[in-house]
Participant: 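Below you will find the structure I want to go over with you.
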There are 2 protein chains.
Amino acid sequence: MSASDSAGLPAPNPIATPAPKPRVARVAPKPRPSKRPRRVAPGELPLGQILAGDCIKQMNALPEGSVDMIFADPPYNLQLKGDLHRPDNSKVDAVDDAWDRFDGFSAYDRFSRAWLKAARRVLKPGGTLWVIGSYHNIFRVGSALQDEGYWVLNDIIWRKSNPMPNFRGRRFTNAHETLIWAARDEGGKYDFNYEALKSLNDGVQMRSDWVLPICSGAERLKGEDGKKAHPTQKPEALLHRVILGTTQPGAVILDPFFGSGTTGAAAKRLGRAWIGIEQDVTYRKVARARIDAVRPYDMESLRVSASRRQAPRIPFGQVLERGLLTPGQMLTSGNGRHRAKVRADGTLVAHDVSGSIHQVGAALEGAPSCNGWTYWHFEGPAGRAPIDLLRQQLIAELDS
Amino acid sequence: MSASDSAGLPAPNPIATPAPKPRVARVAPKPRPSKRPRRVAPGELPLGQILAGDCIKQMNALPEGSVDMIFADPPYNLQLKGDLHRPDNSKVDAVDDAWDRFDGFSAYDRFSRAWLKAARRVLKPGGTLWVIGSYHNIFRVGSALQDEGYWVLNDIIWRKSNPMPNFRGRRFTNAHETLIWAARDEGGKYDFNYEALKSLNDGVQMRSDWVLPICSGAERLKGEDGKKAHPTQKPEALLHRVILGTTQPGAVILDPFFGSGTTGAAAKRLGRAWIGIEQDVTYRKVARARIDAVRPYDMESLRVSASRRQAPRIPFGQVLERGLLTPGQMLTSGNGRHRAKVRADGTLVAHDVSGSIHQVGAALEGAPSCNGWTYWHFEGPAGRAPIDLLRQQLIAELDS
DNA sequence: AGCACACATGAATCGACGG
DNA sequence: GCCGTCGATTCATGTGTGC
């Protein structure tokens with residue numbers, strides 16, 4: 001289904017609630033096949049449509065200064081070489097699609113500058129841009145948008161609660177992606193729903209790091225073959241926070257790399273108008289069907305899932321890093337029968353055993369398991385105390 | 001206090017016991033005043049010294065390929081006009097925002113490329129670079145280091161547990177900083193203490209997002225006036241994780257923007273050698289006093305959980321030679337689906353396949369590869385166990 | 001039905017060493 | 001430098017299956 005197939009549908013973005021700043025543009029009366037973009041007059045934006053073809057050409061065909069916010073998930077230029085297998089020998093289904101391959105950094109930079117320039121033209125004066133990326137591309141994109149005149153407002157870290165691990169043990173688990181939020185111009189006024197975000201976050205200011213799970217399970221769109229319909233579908237919770245936080249109801253949101261249409265789905269749920277651009281006909285079909293099926297959220301359930309805080313887990317190593325204990329220091333067991341020395345990596349050594357606080361405790365006691373936090377004691381200013389006291393100190397800090 | 005003031009001090013990083021990979025360079029016998037850098041011959045690195053003056057000149061005076069790791073916390077104020085590498089073609093008369101922005105970024109980019117290039121020259125082939133920054137500069141620095149030929153290994157998010165709130169309520173609370181970890185070259189071998197980091201994190205691999213508080217309280221250095229001695233002092237816990245995770249004991253660590261000397265303090269504690277460069281005489285004094293007061297951890301507590309990678313290799317044939325298994329004996333796969341017979345030359349036979357323990361396992365499972373040590377099991381006195389147990393017996397003998 | 005366990009999978013720049 | 005072989009390496013979730 002291409003964008004034109006949806007021409008007869010009713011406007012997919014009825015604005016259900018009164019907007020503080022009504023900004024709804026009229027839907028184009030007769031949208032036409034759009035692979036070859038046609039100049040669009042102001043006031044006839046192709047709202048609720050997925051335009052086909054190259055996003056730069058399509059953006060250049062839109063009227064200048066007509067869009068409130070742009071969310072862009074451009075190719076990351078991952079530069080993968082060989083295959084990667086998990087320890088169980090299964091193969092990782094990597095992103096090796098043709099659209100993610102570029103001929104070096106300078107080709108990628110040219111591409112970035114081109115779409116960023118076109119995007120900036122269609123933004124309204126108070127408009128903002130969101131881009132998401134990883135370390136492969138985000139520095140290129142960030143520099144390019146600064147060069148193009150955008151003004152960075154924040155960088156936002158999406159901390160994945162369930163990232164793919166690092167299988168070879170050669171790097172840190174790549175457990176986050178970076179978003180950049182930028183205004184079209186320095187000093188311009190832009191939309192920021194401070195209070196809405198604060199209440200979304202249990203009454204405290206929304207920070208620049210967001211903990212959200214990756215898109216999986218029922219939310220992940222599948223093809224007829226049961227495989228994932230899009231290799232990099234973003235979770236709707238991410239877009240929910242972006243849209244709720246930085247646009248007004250009725251705003252026009254443009255996504256030049258529409259993919260599976262997460263931006264459109266979230267926008268529709270939240271009463272914002274949207275325009276998508278996507279080259280791949282299969283992705284367009286998937287996105288169209290998805291968005292047509294969208295019904296407004298049960299807002300209460302979304303709020304809970306988005307703001308759920310996880311209980312802080314304090315590794316013993318952090319007690320060392322924070323200097324509450326020192327490598328070389330001796331710990332004693334609560335019953336006074338055993339001693340062990342702390343090492344710089346958070347393991348203990350006692351005679352011929354070494355390992356975590358739990359492992360060494362269990363080994364010395366000949367027990368199947370042992371809670372090292374309560375088993376081991378240190379000599380504190382007020383006498384001997386379990387090291388759990390130190391953990392409590394760190395947990396208390398996190399709460400404050 | 002300039003670097004020369006510390007000339008008479010004993011080397012602050014005596015490596016007491018043999019390190020796994022001894023990499024300690026000799027301390028310069030007669031360090032001299034160093035504001036005007038002097039070419040340093042290989043083998044006379046100014047270890048434990050804080051060099052004065054411009055970091056680019058100082059780095060260029062160091063021998064090529066002499067440093068294991070560089071930690072850099074570059075300035076990111078764009079007020080570079082005047083002092084830093086400004087091209088003298090420009091006269092600042094009119095207020096032209098676009099030009100001013102471009103000039104600001106391009107001057108900063110030149111500065112970044114210059115120090116990154118100098119840093120890369122002094123790095124050993126397997127050396128790595130750490131840089132820390134915020135959204136003001138990290139995209140520029142990240143792009144520049146990619147352009148200079150560094151290979152990004154990770155970007156790391158330092159998630160501050162106690163950030164400064166956003167008072168005006170116009171943006172997200174800026175609650176993190178970004179670090180980039182990069183190798184000198186693509187494909188080079190670099191140090192990564194996977195197991196140590198995993199131990200430090202309670203047995204799960206270390207992720208790219210680190211939760212640590214900002215530097216405050218007793219750790220925060222104060223001047224005589226009671227005010228903070230340095231505006232952006234980094235917490236030592238951050239450097240502890242960086243150094244423990246990505247260098248070996250005895251490594252040479254260089255910090256070209258030494259500031260209050262957190263890198264030197266953490267390096268000294270962890271039994272690594274260090275070199276600092278700092279322009280500001282007050283910061284040099286603060287750092288010198290701070291580091292002199294640091295006592296290193298003892299060597300045993302610096303020993304870190306070893307990876308199996310570093311264990312000596314035992315050929316399977318040796319298990320036979322030592323009589324731990326007998327030719328003709330049957331092995332079974334861990335999943336119980338396959339059997340194979342041991343031959344006298346250390347190969348296995350199963351139906352129509354024969355070869356090494358790895359090859360036969362891979363063939364039977366239809367997998368690209370297989371670790372035969374953990375795949376194959378034998379019938380031991382206490383039931384079925386992986387043949388890896390026998391190997392560990394031999395490794396343990398070697399240790400004693 | 002409910003529980004236990006197996007299995008699948010996610011934007012991935014993911015070796016070392018000897019011949 | 002190429003090539004073959006050894007052998008090191010995973011976390012959080014969701015779904016499916018079998019008892």
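Only this structure's heavy atoms are used, side chains among them; waters, hydrogens and symmetry mates stay out.
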Participant: Indicate, with a heavy-atom threshold strictly under 4.0 Å, whether A:G82 touches base, sugar-phosphate, or nothing.
Facilitator: base
Participant: Within less than 4.0 Å of OP1 or OP2 of D:dT10, is there a side-chain N or O belonging to B:Y194?
Facilitator: yes
Participant: Are the aromatic ring centres of B:W151 and B:Y190 under 6.0 angstrom apart?
Facilitator: no
Participant: Within the structure shown, what part of the strands sits under 4.0 Å from A:C215 by heavy-atom distance: base, sugar-phosphate, or nothing?
Facilitator: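 Here A:C215 touches no strand at all.
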Participant: What is the nucleic acid contact for A:T173, judged by heavy atoms within less than 4.0 Å: base, sugar-phosphate only, or nothing?
Facilitator: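 Touches nothing.
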Participant: Among the nucleotides D:dT10, D:dG7, C:dA11, which one has an atom lying closest to any side-chain atom of B:N371?
Facilitator: D:dG7
Participant: Starting the side chain at C-beta, find the nucleotide from D:dT10, D:dC6, C:dA11 nearest to A:W99.
Facilitator: C:dA11
Participant: For A:K234, which contact category applies under a 4.0 Å heavy-atom criterion: base, sugar-phosphate, or nothing?
Facilitator: base
Participant: At under 4.0 Å between heavy atoms, what does B:R309 touch on the DNA or RNA strands: base, sugar-phosphate, or nothing?
Facilitator: sugar-phosphate
Participant: Between atom NZ in A:K160 and atom P in C:dA12, what is the gap in whole Å?
Facilitator: 7 Å
Participant: By the 4.0 Å heavy-atom rule, please label B:S369 as base, sugar-phosphate, or nothing.
Facilitator: base
Participant: Please give me the minimum heavy-atom distance between A:L80 and A:A94, naming the atom from each residue.
Facilitator: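 Looking at all heavy atoms of both residues, the shortest contact is CD1-CB, 3.7 Å.
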Participant: Provide, to the nearest angstrom, the distance between the CD atom belonging to B:Q310 and the C1' atom belonging to C:dG15.
Facilitator: 14 Å
Participant: Hey, is the side chain of B:R391 pairing donor to acceptor with the base of D:dG7 inside 3.5 Å?
Facilitator: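 Side chain to base: no pair below 3.5 Å.
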Participant: Look at all strands and tell whether A:R86 reaches a base, only sugar-phosphate, or nothing, counting heavy atoms closer than 4.0 Å.
Facilitator: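 Base, at least one base atom sits under 4.0 Å.
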Participant: Pick the P atom in D:dG7 and in C:dA11, then give their distance to the nearest Å.
Facilitator: 34 Å
Participant: OH of A:Y283 versus P of C:dA11: gap in Å, rounded?
Facilitator: 13 Å
Participant: Rounded to whole angstrom units, what separation is found between the CD1 atom of A:I214 and the P atom of D:dC11?
Facilitator: 15 Å
Participant: Give me the atom names and distance for the closest heavy-atom approach of B:A144 to B:L116.
Facilitator: CB-CD1, 3.7 Å
Participant: Output the single nucleotide from C:dT13, D:dT9, D:dT13 whose closest atom is nearest the side chain of A:L80.
Facilitator: C:dT13
Participant: Among C:dT9, C:dG10, C:dG15, which nucleotide has an atom closest to any side-chain atom of A:R170?
Facilitator: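 For A:R170, the side-chain atoms sit closest to C:dG15.
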Participant: If you measure from OG on B:S354 to CG on B:L348, what distance do you get to the nearest 0.5 Å?
Facilitator: 9.0 Å
Participant: Ring centres of B:W210 and B:W158 under 6.0 Å apart?
Facilitator: no
Participant: Quick one: B:I357 CD1 to D:dA8 C1', roughly how many Å, whole number?
Facilitator: 13 Å
Participant: Kindly say if B:S356 contacts the phosphate of D:dC6, meaning a side-chain N or O under 4.0 Å from OP1 or OP2.
Facilitator: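 Yes, because at least one side-chain N or O of B:S356 sits under 4.0 Å from OP1 or OP2 of D:dC6.
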Participant: Heavy atoms under 4.0 Å, any strand shown: does A:S134 hit a base, just sugar-phosphate, or nothing?
Facilitator: nothing
Participant: Contact class for B:Q205 (heavy atom, under 4.0 Å): base, sugar-phosphate, or nothing?
Facilitator: sugar-phosphate
Participant: Rounded to the Å, how far apart are A:N174 CG and D:dA12 P?
Facilitator: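 Atom-to-atom, A:N174 to D:dA12, this comes out as 16 Å.
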Participant: Closest-nucleotide mapping onto DNA chain C: is A:G226 or A:F167 further toward the 5' terminus? I mean the 5' end.
Facilitator: A:G226
Participant: Could you check whether A:N77 gets within reach of a base, just the sugar-phosphate, or nothing at all, counting any heavy atom under 4.0 Å?
Facilitator: nothing
Participant: Please state how far atom CH2 in B:W151 lies from atom C1' in C:dA12, giving the value in whole angstrom units.
Facilitator: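 Result: 11 Å.
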Participant: Can you tell me, in whole Å, how much space there is between the P of D:dA8 and that of C:dT9?
Facilitator: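 Pairwise P distance, D:dA8 against C:dT9, rounds to 27 Å.
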Participant: Need one value for A:P163: base, sugar-phosphate or nothing, where a base atom within 4.0 Å counts as base even if backbone is also close, heavy atoms only.
Facilitator: base
Participant: Return the nearest nucleotide to the side chain of A:D88; candidates are C:dA12, C:dT9, C:dA11.
Facilitator: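 Of all the options, the side chain of A:D88 is nearest to C:dT9.
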Participant: Reckon A:R168 touches a base, only the sugar-phosphate, or nothing at all at heavy-atom distances under 4.0 Å?
Facilitator: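 The answer is base, as A:R168 lies within the cut-off (heavy atoms under 4.0 Å) of a base atom.
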Participant: If you assign each of A:M164 and A:G217 to its closest nucleotide in DNA chain D, which residue comes earlier from the 5' end?
Facilitator: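 Result: A:M164.
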Participant: Supply the atom-to-atom distance A:D345 CG to B:N193 CG, rounded to the nearest 0.5 angstrom.
Facilitator: 9.0 Å
Participant: Touch check for A:D97, heavy atoms < 4.0 angstrom, all strands: base, sugar-phosphate only, or nothing?
Facilitator: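 Counting heavy atoms under 4.0 Å across all strands, no contact is made by A:D97.
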Participant: Could you go through A:D73 and A:K234, starting from their C-alpha distance and side-chain angles, then the distance that decides it, and tell me whether this counts as salt bridge (Lys or Arg N to Asp or Glu O under 4.0 Å)?
Facilitator: CA-CA 9 Å; A:D73 182 10; A:K234 296 292 173 288; 3.1 Å; yes
Participant: From the set C:dA11, D:dC11, D:dT9, return the single nucleotide nearest to any side-chain atom of A:P87.
Facilitator: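 Closest nucleotide to the A:P87 side chain: D:dT9.
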Participant: Tell me: NE2 of A:H230 to C1' of C:dG10, nearest whole Å?
Facilitator: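 Rounding to the nearest Å, NE2 of A:H230 and C1' of C:dG10 are 14 Å apart.
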Participant: Any base atoms under 4.0 Å from A:P235, or only sugar-phosphate, or nothing? Heavy atoms, all strands.
Facilitator: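 The residue A:P235 makes no contact with any strand.
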Participant: Taking only the P atom of each, what is the distance from D:dA12 to C:dC14 in whole angstrom?
Facilitator: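 Here D:dA12 and C:dC14 have their P atoms 23 Å from each other.
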Participant: Can A:R140 be said to sit on top of A:F105's aromatic six-ring, NZ or CZ under 6.0 Å from centre and within 45° of the ring axis?
Facilitator: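 Satisfied, under 6.0 Å and within 45°.
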